[in-house]
Number of protein chains: 2
Amino acid sequence: MQRIRRQAGLEIEPGSRTEPGAGVTPRSGEPAGQGRGRLSRGVSTDRRGERLDRLRALVARVGTLRLTDAAQALSVSSMTLRRDLATGDAVLELLGGHVMARQGKGSPYSLAGEEDVHVAAKAAAGRQAAALVEDGDAIFVDCGTTMPHLLAALPTELELTVVCYALNVATLASRRPHTRLFMLGGLFHPSSATFLSEEAMEGLKRLGIAKAFISAGGLHPERGASCANFNEVPVKQAVMAQAMRSFLLIDSSKLGQVKPAFFAPADAFKRVITEQG
Amino acid sequence: MQRIRRQAGLEIEPGSRTEPGAGVTPRSGEPAGQGRGRLSRGVSTDRRGERLDRLRALVARVGTLRLTDAAQALSVSSMTLRRDLATGDAVLELLGGHVMARQGKGSPYSLAGEEDVHVAAKAAAGRQAAALVEDGDAIFVDCGTTMPHLLAALPTELELTVVCYALNVATLASRRPHTRLFMLGGLFHPSSATFLSEEAMEGLKRLGIAKAFISAGGLHPERGASCANFNEVPVKQAVMAQAMRSFLLIDSSKLGQVKPAFFAPADAFKRVITEQG
DNA sequence: TAACAACTGTTGCGATATTAACAACACGCC
DNA sequence: GGCGTGTTGTTAATATCGCAACAGTTGTTA
């Protein structure tokens, strides 16, 4: 309890454990004038939109706060905010009594044993890969769902330079201390959450990369490594040509698989990292 | 209740509302062998770290899940996971019964009226700016804390091209449907969450921008617009030179202020947008 | 002005989360 | 083998959340 209360960073006077204006005259905290329109039409002064705006702003600043605290901050009852958020805001979400930026991509997931093994495998593979990274390294981190495990497994103390072109990777890497982050920009591709452009390919040539961690959708002993999106191919190839050493980071379920876009033969990698080794 | 349950995307057979192995033989779900070390030292097989790894992986995939579901997925009791998370994981956080990636930057915030007014002002200014955007526009969105309000205020139906170089803007824009997102890459600057590079400046020249929304830390009637970070200056200037129309988007508290880095005279903007107009 | 609709606040109840305390088990050590 | 330590599961007590129904207020409409 204390942990969460502390997180909010504000104190409520010990006496009043109830809602802001409990029992007293309702809506005394605001000027309470200037007309009110209906919500169904987007015209006139829209109180709900205004509240959500202020709430969005609050959340943008503090990351997360309790619904009751938010209600107090906006001088409305928690029930009102609850109703506002229930209308389905594009940005905000109410989860377990806390207001936060929507984060689940809504991707449905099944907890069938199979998938769970995959996840554990990816995490293990990420740990294995992280063990190869040394202090001071400049590493390239590819796109995909396995790479976040690599970043999570990297000790925070390491002083690194991370080169990436995927949004999820950049977000994680940007939060690391002692980390220089270089991102390749360009047009956003939602399927892989990557940014691709001609200029980025040019810029890549100026970067010294000690170790490149490449992802793949499949690795076939004869056909080599392949991925689902054709547009990733030039980047992967350019990085591999540029980097001192390239590692293929996949979980073992990818072995023997084949995806539409081939980008490298199997022997192009210094090593193939899976959860086993 | 249903809303949250649905979010998790899995069903538990109606009969058992309790913990996984409730009442039955304890720890029957796992092989339960292979030795167990102590946690204080990081050596030997570390069950807690392993669980957290798998949990991190799960969270990375689904964004958020209920603690009870996570416990079931990892075949441990929710109490164990609760204890694991209480040790203070760097990535994960337990909030209101849901496990998620840590998001609060831990920035302390005060709820003094002043700040709250600022937030409301920024939200209002964002709405005003959003009203200028038309379907099919290519817009540039600068960095700063005001810009998210602009994005939040843009109707989802609009078909847009968004050009940006700030991580927070990119994250929001990437979630919009019907939106082409182009990001300028480069080296990450934590103070403003922006990416800057020579190549990006080159790439900028090839982009057609109808409307540019520029932020500033201050606007002085004689000295012009200024910001806190010098490295933003070239980008702002290049964008303004490139764009058909440039708008300065600030809240009124910035009026009359002066920051270290000047980047444009006041009359360089087609219009200055504040919460009033 | 009266009637109506929309919005907000309050209350109460059921469901859920949180914590502490206790019991059961596995491992390492002597 | 016996013992102690550390880890995990269970239970119960408490606090909090989520929802629904109701009541009061405000602004709009006839």
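Just so you know, these numbers come straight off a predicted model, no measurement behind them. Residue numbers begin at 1 in each chain, while the letters A, B, ... track the order of the sequences.
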Selected nucleotide, minimal atom distance to [X] side chain, candidates [options]:
| X | options | value |
| --- | --- | --- |
| S77(A) | dA17(C), dT8(D), dG9(C) | dG9(C) |
| T68(B) | dC19(D), dA17(C), dG9(D) | dA17(C) |
| D84(A) | dT18(C), dG18(D), dT8(C) | dT8(C) |

Checklist entry - So do the side chains of L81(B) and L52(B) get within less than 4.5 Å of each other, counting heavy atoms only? => result no
Checklist entry - Do I273(B) and L248(B) have side-chain heavy atoms sitting under 4.5 Å apart? => result no
Next on the checklist: On the nucleotide dT8(D), are OP1 or OP2 found under 4.0 Å from the side-chain N or O atoms that R51(B) carries?
Outcome noted: yes
Whole-Å gap separating [atom2] ([N]) and [atom1] ([X]):
| X | N | atom1 | atom2 | result |
| --- | --- | --- | --- | --- |
| M79(B) | dC22(C) | CE | P | 14 Å |
| L95(B) | dT16(C) | CG | P | 19 Å |
| R82(A) | dG18(D) | CZ | P | 4 Å |
| E93(A) | dC17(D) | CD | P | 16 Å |
| H98(B) | dA15(C) | NE2 | C1' | 13 Å |
| L94(A) | dC17(D) | CG | P | 10 Å |
| L67(B) | dT8(D) | CG | P | 14 Å |
| R83(B) | dG9(D) | CZ | P | 8 Å |

Next on the checklist: List the residues meeting side-chain contact (heavy atoms from CB on, under 4.5 Å) with D137(B), not counting sequence neighbours, and say none if there are none.
Outcome noted: V133(B), E134(B), I139(B), L160(B), A210(B), K211(B)
Next on the checklist: Once side-chain contact (heavy atoms from CB on, under 4.5 Å) is applied, do any residues pair with R83(A), and if so which ones, sequence neighbours excluded?
Outcome noted: M79(A)
Item to check | Counterpart base for dC4(C), defined by Watson-Crick or G-U wobble contacts under 3.5 Å | outcome: dG27(D)
